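What follows is a set of notes on a single structure, which appears directly below.
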Amino acid sequence: MIKNYLEGVESAVSKLLEVRKEFHNDINDIYKDSIPPMYLFNRQNTEQTIQLGEKNWSKKEHIVEGFKRSKKALIKLESEQFALSSIDGSLLQIAAKGIELFSKNKKNTTTLSLNAKTSKFCIGREIRGLPAGLIIYAGRNHYNHIEAGGDLHNPTKKIVETLNINSNLYKPYLQFNFEQSSNLPINRATEFVLLLTWEKFEDFAYDLKGL
């Protein structure tokens, strides 16, 4: 029964959610340090005056140190975001396994082409026109195959495309972008968890109790 499964994973899920809160706080602090110094100038000055002023400004010791701090923080920020997405991938894996084990749903409630195995995930509240279970399914699949980057396979690809349609009209505003932005593998697990709005164990359990 899903009740027994949730009781079995509650401590692990609760700890993962607590750790991800700490990561968010750390990431916010690192982000502040990653903002580089900004040169402000008077638009009424000539272009030559502006360029000369920026050249002299960029040589000041505290400005040079500011750029160094920003560069270092950006590298740290990428690492911490990847670490957070690994935690979120674990949450998606735990949720997906629960659905695989206990869902008896056979009905495809979407317009997507799904086989019987994937239709088991058509459970839970609707998010951007899709059941929460399918978002868990797509997030878990992406996380388990991050070596593929943006080369998503159906139906994961179709689920992500559906989530991106008119994404700017939804809150929280999240768009799944699989373009390479760092030297680390592309891991968008955090975006999936943010979309599911899991902040405490009760939130996580809610999406599985409907089984």
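The model shown is predicted, which means the values in this text are computed figures rather than measured ones.
- The number of heavy atoms from other shown groups lying within 6.0 Å of CZ (Phe23) is above 12.
- When all heavy atoms are compared, the tightest approach of Ile159 to Tyr137 is CD1-CD2, 3.8 Å.
- Under a cut-off of 6.0 angstrom, the local environment of CD in Glu61 is sparse, with at most 12 non-hydrogen atoms contributed by other residues, nucleotides or ligands.
- Cluster annotation: Ile136 is connected to Ile87 through the hydrophobic network of ILVMFWY side chains, with a link wherever side-chain heavy atoms come within less than 4.5 Å.
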I would like to know whether Asn187 and Gln81 meet side chain to side chain contact (heavy atoms under 4.5 Å, CB included); could you show each step before the answer? CA-CA 9 Å; Asn187 191 343; Gln81 288 174 329; over 6 Å; no
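- Here the CG-NZ distance, from Leu152 to Lys158, works out to 11.5 Å after rounding to the nearest 0.5 Å.
- Residues Thr110 and Leu114 have side chains in contact (heavy-atom distance under 4.5 Å, counting atoms from C-beta outward).
- You'll find the side chain of Phe67 reaches within 4.5 Å of the side chain of Pro37, heavy atoms only.
- The 12-atom threshold is not exceeded at CD of Glu179, counting heavy atoms of other residues, nucleotides or ligands nearer than 6.0 Å.
- A heavy-atom distance below 4.5 Å is found between the side chains of Ile135 and Leu195.
- Between Arg69 and Glu65, none of the side-chain N atoms (NZ, or NE/NH1/NH2) sits under 4.0 Å from a carboxylate O, so this pair counts as no salt bridge.
- Considering only heavy atoms from C-beta on, Ser34 comes within 4.5 Å of Leu74 through its side chain.
- One hydrophobic cluster, built from ILVMFWY side chains closer than 4.5 Å, cannot hold both Leu174 and Tyr170; they sit in different ones.
- In this structure, CD1 in Ile2 is found 10.0 Å from NZ in Lys104, a value given to the nearest 0.5 Å.
- Within the 4.5 Å cutoff, no side-chain heavy atoms of Leu17 are placed close to those of Glu199.
- Between atom CD1 of residue Ile99 and atom OH of residue Tyr5 there is a gap of 9.5 Å, rounded to the nearest 0.5 Å.
- Following chains of ILVMFWY side-chain contacts shorter than 4.5 Å, one cannot reach Tyr31 starting from Ile75, and the two form parts of different hydrophobic clusters.
- Under the 4.5 Å side-chain heavy-atom criterion for ILVMFWY residues, no single connected hydrophobic cluster contains both Tyr206 and Phe201.
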Take Lys68 and Lys72 through the side chain to side chain contact (heavy atoms under 4.5 Å, CB included) test and state the conclusion after the steps. CA-CA 6 Å; Lys68 287 181 180 179; Lys72 184 178 180 180; over 6 Å; no
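- Atom CD of Glu191 sits about 10.5 Å away from atom CD of Gln175, to the nearest 0.5 Å.
- Judged purely by atom type and a 3.5 angstrom limit, Ser14 has no side-chain atom pairing as donor or acceptor with the backbone of Ser11.
- Side chain to side chain, Asn108 and Ser119 fail the donor-acceptor criterion of an N or O pair below 3.5 Å.
- Annotation: Glu7, atom CD; neighbour count of heavy atoms from other residues, nucleotides and ligands within 6.0 Å is above 12.
- Residues Leu16 and Asp88 form no side-chain contact, since every pair of their non-hydrogen atoms from C-beta on lies 4.5 Å or further apart.
- Without hydrogens or angle criteria, Asn164 side chain to Phe176 main chain gives a donor-acceptor distance under 3.5 Å.
- Taking all atoms of both residues into account, the shortest heavy-atom contact from Asn154 to Lys157 is OD1-CB, 3.6 Å.
- The main-chain N or O of Lys200 is found under 3.5 Å from a side-chain atom of Asp203 such that the two form a donor-acceptor pair.
- Residue Ser58 comes nearest to Lys55 through the heavy atom pair OG-O, 2.8 Å, listed as atom of the first residue, atom of the second, then distance.
- Using a 4.5 Å heavy-atom threshold, the side chains of Phe204 and Leu196 count as separate.
- In this structure, Thr49 and Leu52 have side chains that are not in contact, with every pair of non-hydrogen atoms separated by 4.5 Å or more.
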Determine whether His24 and Leu84 satisfy the following criterion, side chain to side chain contact (heavy atoms under 4.5 Å, CB included), listing intermediate values before the conclusion. CA-CA 8 Å; His24 273 295; Leu84 173 61; 3.8 Å; yes
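- Closest heavy-atom contact between Ser113 and Pro155: O-CB, 4.4 Å.
- Note on Leu194 and Leu91: same hydrophobic cluster, where clusters join Ile, Leu, Val, Met, Phe, Trp and Tyr whose side-chain heavy atoms are under 4.5 Å apart, directly or indirectly.
- For Ala189 against Gly89, the heavy-atom pair with the smallest separation is CB-N, 3.6 Å.
- Side-chain rings of His142 and Phe178 approach one another, their centers coming within less than 6.0 Å.
- Here the closest heavy-atom approach between residue Cys122 and residue Thr109 is recorded as CB-OG1, 3.6 Å.
- Of the inter-residue distances, the one linking Arg20 atom CZ with Ser90 atom OG reads 11.5 Å to the nearest 0.5 angstrom.
- Note: Ile30 CD1 to Asn25 CG = 11.0 Å, rounded to the nearest 0.5 Å.
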Criterion side chain to side chain contact (heavy atoms under 4.5 Å, CB included) on Thr118 and Leu112, from CA distance to verdict: CA-CA 10 Å; Thr118 310; Leu112 303 178; over 6 Å; no
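- Counting heavy atoms of neighbouring residues, nucleotides and ligands inside a 6.0 Å radius, atom CD of Glu147 exceeds 12 of them.
- Using a 4.0 Å cut-off between charged side-chain N and carboxylate O, Glu18 and Lys15 make no salt bridge.
- Taking the six-membered ring for Trp, Tyr143 and Phe192 have ring centres at least 6.0 Å apart.
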